[in-house]
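Contents: one structure, followed by commentary.
All values derive from a computational prediction rather than experimental measurement. Chain letters run A, B, ... following the sequence lines, proteins first and then strands; every chain starts at 1.
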There are 2 protein chains.
Amino acid sequence: MDECKVYVIDDSTEVRQAIKLLMSSIGLEVIEFESADEFVNTDHDIGKLEGCILLDVRMPGMSGLALLEHLQQIKCSPPVIMISGHGDIPMAVKAVQAGAINFIEKPFNEQELLDNVHRAFKIDSIQRGKNMKIQLIKNRLNSLTSREKEVLYAVTEGQRNKAIAVILNISQSTVEAHRARVMEKMEASSLSQLMRMIIYIENSDIEPE
Amino acid sequence: MDECKVYVIDDSTEVRQAIKLLMSSIGLEVIEFESADEFVNTDHDIGKLEGCILLDVRMPGMSGLALLEHLQQIKCSPPVIMISGHGDIPMAVKAVQAGAINFIEKPFNEQELLDNVHRAFKIDSIQRGKNMKIQLIKNRLNSLTSREKEVLYAVTEGQRNKAIAVILNISQSTVEAHRARVMEKMEASSLSQLMRMIIYIENSDIEPE
DNA sequence: AGGAGTATAGGTATAAACCCCAATACAGAG
DNA sequence: CTCTGTATTGGGGTTTATACCTATACTCCT
């Protein structure tokens with residue numbers, strides 16, 4: 001939680017200043033961006049940011065909603081709290097459907113905003129825990145050779161070594177060798193554990209949230 | 001899609017009539033309720049309804065939001081489209097966060113409402129497909145004896161038969177017998193398939209959507 | 001040319017899982 | 001009380017999977 005920062009993306013200098021003041025009152029660091037484009041083009045790995053994003057909807061250049069959708073596509077971004085001065089219901093609905101954790105109207109209640117930031121931090125913490133787990137497994141998967149991946153895939157499909165040998169047109173001994181290396185590289189001590197990893201990755205790939 | 005109906009829950013007779021007219025113009029059947037309480041108390045299995053729910057927010061008795069949350073808790077309800085004449089952004093956000101697929105303001109655009117209903121039908125169709133799959137697996141799980149469930153649980157944890165025998169303080173032969181019956185009852189021809197079923201159920205239990 | 005990494009294959013031995021069978025014990029339902 | 005379902009145990013044999021070893025061949029990089 002110490003590393004958490006509040007990324008404020010708003011074209012209004014006053015709003016950014018007000019938020020900065022509010023956040024610093026409880027010891028939170030604020031990083032400002034005056035447009036969505038600036039945030040995107042800044043040299044930082046979005047996946048490694050810790051904290052949350054306060055994002056204005058209406059801005060010159062890329063809109064807040066567009067940035068929100070962009071962040072959801074690349075995944076593993078910090079949680080986003082939308083802020084708007086002239087928002088309407090369809091806009092708020094769209095934002096929440098796109099993954100924003102809340103939609104707050106300006107002028108905002110200070111305590112409400114702080115509460116939302118804290119909630120966002122919690123969500124971020126949980127999300128980063130999951131992302132670390134996913135990354136760990138993906139790193140292991142990447143260490144597999146293409147042949148080993150083929151064997152792994154067949155194994156997760158429930159195929160026996162003998163069947164896999166026929167499918168890949170290699171001998172059963174070779175399949176066994178590959179399979180053993182797969183278990184070793186994936187750090188799985190049982191097929192059940194291996195399946196849990198694979199299915200975890202499968203689900204994280206198709207279900208964004 | 002043929003069986004799909006539109007469940008309208010709104011205290012205003014005029015609104016219900018207007019929706020009924022609109023829906024019947026494209027051949028959709030409408031079932032009316034003048035309050036959330038009436039919907040809840042009506043003798044129907046909510047999990048078996050097909051179609052979608054048009055739900056007013058402000059009503060005498062149980063509020064639309066309260067009903068929405070109630071529906072999400074028991075799960076497997078048809079998708080809900082919230083409708084409100086005097087809605088605000090916090091209300092809309094809350095509704096979407098609670099699982100409503102949209103939040104439409106009265107007076108509504110007719111085509112927009114129809115589009116939403118069609119989208120809801122698609123979501124419902126997908127959701128019911130998933131629910132059927134879950135129910136199928138749960139039925140198999142329920143056919144297991146308590147001992148078989150213990151063995152199943154240990155197996156999914158990656159335990160070997162020998163280890164399971166020690167844990168349950170029974171002989172390895174017995175474990176093998178239970179395990180064979182588990183595979184048979186679950187209709188799994190491989191451990192991989194069994195794991196997929198179990199993890200599917202695990203995920204559906206903790207992640208509502 | 002030599003080394004690392006990968007893919008391939010064979011061998012031997014052990015362990016684990018699967019299959020079919022038979023049998024005892026016990027509790028609850030009819 | 002008998003019948004049924006469940007839980008338990010065992011044997012014997014087959015099939016799979018693991019573990020550990022060796023070995024060849026090919027490619028890529030140094």
Within a reach of under 6.0 Å around CD of B/Gln172, are more than 12 heavy atoms found that belong to other residues, nucleotides or ligands?
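Count over threshold, so yes.
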Classify every nucleotide of nucleotides 5-22 of chain C by which part a protein heavy atom approaches to under 4.0 Å, writing B for the base, S for the sugar-phosphate alone and - for neither, in 5'-to-3' order.
-SSBBB-----SSB----
Salt-bridge contact [X]-[Y] (side-chain N to carboxylate O under 4.0 Å):
X: B/Arg196; Y: A/Glu202; result: yes
X: B/Asp11; Y: B/Arg16; result: no
X: B/Arg147; Y: B/Glu150; result: yes
X: B/Arg128; Y: B/Glu50; result: yes

Taking CD1 from A/Ile164 and P from D/dT18, how many angstroms apart are they, rounded to a whole number?
10 Å
